[in-house]
2 protein chains.
Amino acid sequence: MTQLGNVTPLFQDLAKVEHEHNLACQECSLYRLCLPLGLHNNDLIQLDKIIKRSQSYSRGQPLFSTQTPFNSIYVVRSGSFKTTVSAVDGREQVTGFYFPGEFVGLDAIYEQAYRSNAKALESSSVCELPFDMLQELGANMPQLQVQMMSRLSKELSGDKSLMFLLGKKTAEEKLATFLLSISRRFQDRGFSAREFQLSMSRGDIANHLGLAVETVSRLFSRFQDEGLIDIHNKSISIRDVEKLKALCG
Amino acid sequence: MTQLGNVTPLFQDLAKVEHEHNLACQECSLYRLCLPLGLHNNDLIQLDKIIKRSQSYSRGQPLFSTQTPFNSIYVVRSGSFKTTVSAVDGREQVTGFYFPGEFVGLDAIYEQAYRSNAKALESSSVCELPFDMLQELGANMPQLQVQMMSRLSKELSGDKSLMFLLGKKTAEEKLATFLLSISRRFQDRGFSAREFQLSMSRGDIANHLGLAVETVSRLFSRFQDEGLIDIHNKSISIRDVEKLKALCG
DNA sequence: CGACTTCTTGACAGGACTCAAACTGTGTGG
DNA sequence: CCACACAGTTTGAGTCCTGTCAAGAAGTCG
């Protein structure tokens, strides 16, 4: 029997607590990770008004696809999502995983059309920000614009790192980097950096890192043999952060 | 002797014409590709005032590096640049090539620090936009903010495509995609889509596409043998656009 | 409890990398 | 203006990492 039964609460649990209450930004526990950061009280109330707090999405359910007319960008409220871009021949690339407080759909602003597909990885919910209303609001709220730019820029800088990963790193380095990235993001959200559940499949991970499923599976096994991690299905526990960091290249 | 001696003017030539005059936005030929697009006359004049039109950069000269304090973002005025991110062990990834009218340094906004290094690929010049002044201006100029977001989003969406390329495409598909991307951008700027000069080295191309120099060199030779392109040193002429498109995957 | 999906493990093959060497172009200094 | 040095490019040979194919195990869901 593994110790992993008793792990940090999942984002899903957060959903139960917060989604049911549909908390306003002021009371949302994601406040300091989210868009409202730095807005003054009055501005915050206005922003709060335009946010649609949607029903939840179940595992596999699309948030939007390239076919969906563009109206809104989204912030993950609970759970997690993946985005993909796909070619005519059916090949797909998982371009990102998104956790609570992170923006989805920012690449749609230019061209006013979704350029990727977003799907829930587990039971999840989002805050929907109608883009036209966001722009109207931004016209009289410079701080909001600053925040938005900052968000876009952050994703940009993450994508550059990902390009380095895809272009220059070995399979081993890719997976180690991935694990630490997830770990850090869990930590930022107040969860354990050491023990968590991977909401995405091996296939999604492999695809995202530009690897074959089999390679990911083999590496997980090897990392486990070498005492770096403990992994059972989707439960993962990081045993040796330092060695893992050393593998990141 | 090749026919390529007499090609469309290079961006470099544009530099000679325009840079010497230091044209204001209103008269700049890049207007419709650049930030000012959609600004009203008065706003445009104000934007124009904060732009520093810098001296030119020569081949290999850095525009900024991760060591440079962040103060400005840049728009290429003439010539071309590359950006790279690098790891501690010296490995580098060329994250992008930038042509006239394109923004460099957008990923620095978040964290207020350059996350990548930018170098001129040929004799080039830029318009420098001090970021604090840009923000002040944006506070009273919603259109400008919209433009900025749009720019950030465009780069984001380009990066997603690049992630697909790096993660899922074969060497052949990568190079074909690259050639057509450059071709399209030349065309957008009023140059020939069929004949142009590659300002970047084989090494830069290879690195950017996640390939070895040798692979790129071999593929160029093969594309030439198959009548897809004509390439001599940095001069390239596209012979069969359709076949090239078919190779993009 | 069965049908299906996801994951793991093994054997094998191939595309792209590495190493090596020759060739070409460029720029510099005498 | 030429000779030399050096960076960039091309081409060949050999190898290895990672993908592909295959089959079985484990997990999931109705």
Side-chain angles (χ1 to χ4, degrees), chain A residues 1-2 4-5 12 58-61 82 91-94 119 121-123 165-176 178 197-225 229-236 247 249, chain B residues 1-2 4-5 12 58-61 82 91-94 119 121-123 165-176 178 197-225 229-236 247 249:
Chain A
M1 181 49 197
T2 152
L4 289 173
Q12 216 167 322
S58 55
R59 190 174 132 76
Q61 199 179 336
K82 70 170 174 184
R91 275 182 294 184
E92 272 201 337
Q93 168 79 23
V94 174
K119 266 198 176 126
L121 290 170
E122 57 190 306
S123 187
L165 176 143
L166 287 167
K168 295 286 168 297
K169 292 196 180 185
T170 64
E172 187 178 79
E173 291 169 337
K174 285 176 177 179
L175 195 61
F178 170 76
Q197 301 264 339
L198 297 170
S199 55
M200 66 294 288
S201 70
R202 301 286 191 272
D204 287 336
I205 297 172
N207 183 307
H208 182 53
L209 301 177
L211 298 170
V213 194
E214 295 90 331
T215 305
V216 169
S217 189
R218 269 186 263 271
L219 281 173
F220 272 145
S221 301
R222 225 189 67 207
F223 283 178
Q224 174 140 256
D225 291 345
I229 61 172
D230 237 324
I231 188 164
H232 295 90
N233 308 326
K234 308 225 159 186
S235 301
I236 190 162
L247 284 184
Chain B
M1 180 52 196
T2 151
L4 290 172
Q12 218 168 322
S58 55
R59 188 174 133 78
Q61 199 178 339
K82 70 170 172 182
R91 277 183 294 184
E92 272 201 335
Q93 168 78 23
V94 174
K119 265 197 177 128
L121 291 170
E122 58 191 305
S123 188
L165 175 143
L166 287 167
K168 295 285 169 298
K169 292 195 180 185
T170 64
E172 186 178 81
E173 292 169 338
K174 285 175 177 180
L175 195 61
F178 169 77
Q197 301 263 340
L198 297 170
S199 55
M200 65 294 290
S201 70
R202 302 286 191 272
D204 286 338
I205 297 172
N207 184 307
H208 182 53
L209 302 177
L211 298 171
V213 192
E214 294 91 329
T215 306
V216 169
S217 189
R218 270 186 261 270
L219 281 173
F220 272 144
S221 301
R222 225 188 66 207
F223 284 178
Q224 174 141 256
D225 291 345
I229 61 173
D230 239 324
I231 187 164
H232 296 89
N233 308 327
K234 308 227 158 184
S235 302
I236 189 161
L247 284 185

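The basis for the numbers below is simple: all heavy atoms, side chains too, and nothing from hydrogens, waters or symmetry mates. A, B, ... follow the sequence lines: proteins, then strands. Residue 1 opens every chain.
Following rounding to the nearest Å, B:L165 (CG) and C:dA16 (P) show an atom-to-atom distance of 12 Å. We find that CD1 of A:I236 is positioned 14 Å from C1' of C:dC7, with the value rounded to whole Å. Per the geometry, CG belonging to B:L219 stands 11 Å off C1' belonging to C:dG15, to the nearest Å. Computed from coordinates, the B:L175 CG to C:dG15 P distance equals 17 Å when rounded to whole Å. Across the protein-nucleic acid pair, B:F220 atom CZ and D:dT10 atom P stand 8 Å apart, rounded to whole Å.
Phosphate contact (OP1/OP2 of C:dT9, side-chain N/O of A:S217, threshold under 4.0 Å): absent. Residue B:T215 places at least one side-chain N or O closer than 4.0 Å to OP1 or OP2 of C:dC17. For A:R202 and C:dT8, the shortest distance from a side-chain N or O to OP1 or OP2 is below 4.0 Å.
When the nucleotides C:dC17, D:dT10, C:dT9 are ranked by their closest atom to the side chain of A:S221, C:dT9 comes out on top.
Looking only at distances, no side-chain donor or acceptor of A:Q197 sits under 3.5 Å from a matching main-chain atom of A:I236. For A:R202 (side chain) and A:E214 (main-chain N/O), no donor-acceptor pair under 3.5 Å exists by modelled atom type.
Contact of the B:F178 side chain with the B:V216 side chain is not registered, since no non-hydrogen atoms from C-beta on lie closer than 4.5 Å. Inter-residue side-chain proximity for B:F223 and B:I231 is flagged as unmet; no heavy-atom pair is nearer than 4.5 Å. Considering only heavy atoms from C-beta on, B:N207 comes within 4.5 Å of A:K168 through its side chain. Side-chain contact check for B:L166 versus B:Q93: some heavy-atom pair is nearer than 4.5 Å.
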Under the side chain to side chain contact (heavy atoms under 4.5 Å, CB included) criterion, do A:L121 and A:R59 qualify, and how do the steps go?
-> CA-CA 5 Å; A:L121 290 170; A:R59 190 174 132 76; over 6 Å; no
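Between its opening and closing five pairs, the helix from C:dC1-D:dG30 to C:dG30-D:dC1 changes axis direction by 50°, a value rounded to 10 degrees.
Taking a 6.0 Å sphere around NZ of A:K119, one finds it holds 12 or fewer heavy atoms contributed by other residues, nucleotides or ligands.
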Nucleotides 22-29 of chain D: protein proximity per nucleotide (B base, S sugar-phosphate only, - neither; heavy atom, under 4.0 Å) | -----S--
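DNA chain D is contacted by A:G210, A:L211, A:A212 of residues 205-212 of chain A, taking any non-hydrogen atom closer than 4.0 Å.
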